Amino acid sequence: MWNLMRFAASSVRRSRRFSTAIPGPCIVHKRGADILHDPWFNKDTGFPLTERDRLGLRGLLPPRVISFEQQYARFMESYRSLEKNTECQPEGIVSLAKWRILNRLHDRNETLYYRVLIDNIKDFAPIIYTPTVGLVCQNYSGLFRRPRGMYFSAKDKGEMMSMIYNWPSQQVDMIVLTDGSRILGLGDLGVQGIGIAIGKLDVYVAAAGINPQKILPVMLDVGTNNQKLLEDRLYLGLRQPRLEGEEYLSIVDEFMEAAFTRWPKAIVQFEDFQMKWAFETLQRYRKRFRMFNDDIQGTAGVGLAGLLGTVRAQGRPLTDFANQKIVVVGAGSAGLGVLKMATEAAARFAGNKETAANNQLYLVDKDGLITKERKDIDPSAAPFARGPGEIEGLREGASLIEVVKKLKPHVLLGLSGVGGIFTEEVLRAMQESESTKPAIFAMSNPTMNAECTAVDAFKHAGENIVFASGSPFKNVDLGNGKVGHVNQANNMYLFPGIGLGTLLSGAHLISDGMLQAAAECLASYMTDDEIQKGILYPSIDSIREITAEVGAAVVRAAVAEELAEGHGDVGPRELMHMSKEETLEYVRQNMWFPVYSPLVHEK
Ligand SMILES: NC(=O)C1=CN([C@@H]2O[C@H](COP(=O)(O)OP(=O)(O)OC[C@H]3O[C@@H](n4cnc5c(N)ncnc54)[C@H](O)[C@@H]3O)[C@@H](O)[C@H]2O)C=CC1
Ligand SMILES: CC(=O)C(=O)O
Ligand SMILES: [Mg+2]
């Protein structure tokens, strides 16, 4: 126990990174048992005696006051013993048990919850985020105990403007919105998709230091086309097919109007919308509201950072990026987002927008290679279709293995949502890549949907590859003391910084320049030495540091584009006069950090 407490105390110290020394008081409008039942303010046994007197808590708690460090150690001890006691059980059962114990703390005491999350982010991210969050969404109706966030359904049409005022927080900075239509690679999960919005916002709090009282997960329940859920007696969503067309858009419109009427400075992150609505809503709202689509725009930046890393890993200058042959597998919101940003980057590096555009980028979907001969091609995919006969020996619809064998690409990047499609044969074909360090990105989530495992990638494609996956895999032991490094190429490296930078700049929209700055910041974060070892992204342990840097880069881009309107006491002129270091410090100072603040009651 003592050792554990020492560990806890040291990790508590370590994670004080961006906190202010003495927490200011926090105004609370409730007293007594109501405070104990409010996870924003509850300190459990940690309420000091004077506070118990002031807030009418005397007698409602056991007499001994337990320090924050002791509470922390107690939680970690129960978590570690759960781990030990479930060692031999199936992975899914263990992950859900871990999620439950974390979720119970989340429901009870958010300060302690977020502190353990920040300090143990590498261990806990796979529980509160991908892959376990996928399992949680799949089982949400059965796991449901308490609501979290807001639910707007097709039945609420005409009511949303008043409903939004039911949310108890006066200020909301960050909203993650989903309609549940494409949750990770798991398809349409209807109302159960709220779990992904909750998980993303947990990452916002942990990585970007957004105050948990100012976040809001939102589910737009417009029905589901998942027959299994419609027939499930426990299913908690609307039992009707999804709304389509104008009916659908009118629900999203109404929500956006309501949210921005109450909180004009909020930012809305669209998450896990099926492709047609992902693109349509982005186009519809991005000039009117502070919003972005994480799957298109967040993923694009993370993908681009990884692609630039692979150029550096080959010891080549970034200007060589336009010559890299990249095969993207999956022509959905994520794959097309990556291709668009990669095309723009290739054009920039080549210094000529006209000639460089998507010269070496290839797109494969469920029907094979996409060429201009494709019937009913989706307009968003059309710019990436190859011309007829452009690649000798490759026809419209050529299979993935044909494409890889013919092109010998530098990079094979999967965002298909289909587990295992980088088969042994495909991976072996990557050994013939023209690159000295071929790159395999199996970015689909959750783990079982990854295009290949890390072990298979190193086994079949060779030990000299660079590898990244959307959900975490362990590093691979290659024998003789050699290790195959596994990167996690997940938009979690960018969306928190995009949101934070937008908030602190006060930009009224999120421009391409701000997104590009975020991606470039991530791309330049790793040293050449790390890149040579195949390490393309920072460790999840340092996600708070990288998010601060990304946030600062976004603020500076907003200032440069004259979009920044300031935040709180800091006006646009002050932002404009900040040096790079001062901007970073400004961002760090504005990141919330979980400590118990003295509570002051006000009626
Ligand atoms: N690592 C990360 O940060 C991110 C990962 N993703 C993952 O990417 C995946 C796809 O997401 P979206 O693009 O939004 O989905 P989507 O449903 O819009 O697109 C999926 C695409 O994959 C293609 N596809 C399906 N089966 C295929 C096959 N057998 N071979 C080749 N292509 C095939 C489809 O034709 C479609 O073009 C999901 O698993 C999601 O979890 C998405 C966003 C971020
Ligand atoms: C990571 C993410 O946003 C996705 O898989 O959809
Ligand atoms: Mg997503």
Side-chain angles (χ1 to χ4, degrees), residues 125-126 129-131 133-134 137 176-189 193 195-197 199-200 203 269-280 282 292-306 327-340 362-370 374 376-378 380-381 384-385 397-404 412-423 426 441-452 468-473 487-496 519 522 537:
Y129 188 55
T130 183
V133 72
C137 288
V176 175
L177 175 73
T178 185
D179 68 355
S181 55
R182 190 287 278 149
I183 297 298
L184 306 174
L186 304 170
D188 181 351
L189 294 184
I196 195 71
K200 291 272 175 183
V203 177
Q269 170 168 323
F270 277 57
E271 191 65 48
D272 289 6
F273 283 68
Q274 60 180 306
M275 173 166 143
K276 63 175 176 184
W277 295 129
F279 282 108
E280 171 117 20
L282 182 59
F292 70 106
N293 183 295
D294 180 39
D295 298 293
I296 302 172
Q297 297 167 300
T299 314
V302 169
L304 177 62
V327 174
V328 172
V329 185
S333 42
L336 293 178
V338 172
L339 272 176
K340 178 172 177 290
Y362 301 84
L363 183 56
V364 173
D365 75 352
K366 65 179 182 344
D367 300 317
L369 180 71
I370 299 185
R374 176 71 62 99
D376 302 326
I377 190 166
D378 190 285
S380 320
F384 309 106
S399 69
L400 177 58
I401 184 66
E402 288 173 310
V403 171
V404 173
L412 180 61
L413 187 153
L415 279 163
S416 64
V418 185
I421 57 167
F422 294 174
T423 57
V426 169
F441 285 70
M443 286 178 71
S444 289
N445 297 313
T447 313
M448 66 181 180
N449 296 64
E451 283 76 8
C452 65
S469 53
S471 296
F473 282 103
N487 296 279
Q488 190 175 355
N490 191 292
N491 53 28
M492 73 191 292
Y493 280 115
L494 281 192
F495 70 76
L522 180 62
Y537 299 98

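It should be emphasised that the depicted structure is a prediction, and the values quoted were computed from it without experimental measurement. Both backbone and side-chain heavy atoms feed into the values below; hydrogens, waters and symmetry mates do not. Ligands are counted one by one from 1 in listed order, and the atoms in each one are counted from 1 as well.
The closest approach between any non-hydrogen atom of V302 and ligand 1 is not below 4.0 Å. At a 4.0 Å cut-off, at least one heavy atom of Y129 sits close enough to ligand 2 to count as contact. Under a 4.0 Å heavy-atom criterion, E271 is in contact with ligand 2. Within the structure, the closest approach of T130 to ligand 2 does not fall below 4.0 Å when heavy atoms are considered. By the 4.0 Å heavy-atom criterion, K200 is counted among the residues contacting ligand 2.
A distance-only check finds a donor-acceptor pair linking the side chain of S181 to the backbone of Q274 [under 3.5 Å]. Of the possible polar contacts, none joining the S471 side chain to the N445 backbone as a donor-acceptor pair under 3.5 Å is found. A donor-acceptor pair under 3.5 Å links the side-chain atoms of Y537 to the main chain of V302, judged by distance alone.
At a threshold of 4.5 Å between non-hydrogen side-chain atoms, the residues N490 and Y129 count as touching. The side-chain heavy atoms of K200 and T178, taken from C-beta on, include no pair separated by under 4.5 Å. A 4.5 Å side-chain heavy-atom check between L400 and F422 finds at least one atom pair inside the cut-off. The shortest side-chain heavy-atom distance between F495 and Q297 does not fall under the 4.5 Å cut-off. Side-chain contact check for K340 versus L304: every heavy-atom pair is 4.5 Å or farther apart. The closest side-chain heavy-atom distance from T130 to Q488 is below 4.5 Å. Side-chain contact between I370 and F384 is absent, with no heavy atoms from C-beta onward closer than 4.5 Å. Between E451 and L412, every side-chain heavy-atom pair lies at or beyond the 4.5 Å cut-off.
Of the polar atoms of N491, at least one N or O is found under 3.5 Å from an N or O of ligand 1, judged by distance alone. For ligand 1, the polar-atom distance check finds an N/O of M443 within less than 3.5 Å of one of the ligand's N/O atoms. For ligand 1, one of its N or O atoms has an N or O atom of K366 under 3.5 Å away. Any N or O atom pair closer than 3.5 Å counts here, and R182 shares at least one such pair with ligand 1.
Comparing G298, G306, A331 against atom 36 (C) of ligand 1, the shortest heavy-atom distance belongs to A331. Evaluated by nearest non-hydrogen atom to atom 42 (C) of ligand 1, the leading choice among A334, A442, G185 is A334. In this structure, of I370, L184, D378, the residue bringing a heavy atom nearest to atom 41 (O) of ligand 1 is L184. Here the shortest heavy-atom distance to atom 14 (O) of ligand 1, taken over A489, S399, S333, S471, belongs to S333.
Of all the heavy atoms of T299, none lies under 4.0 Å from any atom of ligand 2, so neither backbone nor side chain is involved. Residue D295 touches ligand 2 through its side chain alone, judged by heavy-atom distances below 4.0 Å. Residue contacts with ligand 1, taken as heavy atom pairs separated by less than 4.0 Å, involve D365 via backbone and side-chain atoms alike. Under 4.0 Å from ligand 1, heavy atoms of L415 appear from its side chain as well as its backbone. Neither the backbone nor the side chain of N449 comes within contact range of ligand 1; no heavy atom lies under 4.0 Å. Looking at Q269 against ligand 2, nothing comes within 4.0 Å, counting heavy atoms.
The Mg ion (ligand 3) has no N, O or S atom of D294 inside 2.8 Å of it.
Scanning the protein heavy atoms around atom 20 (C) of ligand 1, the nearest turns out to be S416 O, 3.7 Å.
The minimum heavy-atom distance between F273 and D295, with the atom names listed, is N-OD2, 4.4 Å.
Taking the Mg ion (ligand 3) as reference, the nearest N/O/S atom within D295 carries the name OD1. With respect to the Mg ion (ligand 3), D272 has OD1 as its nearest N, O or S atom.
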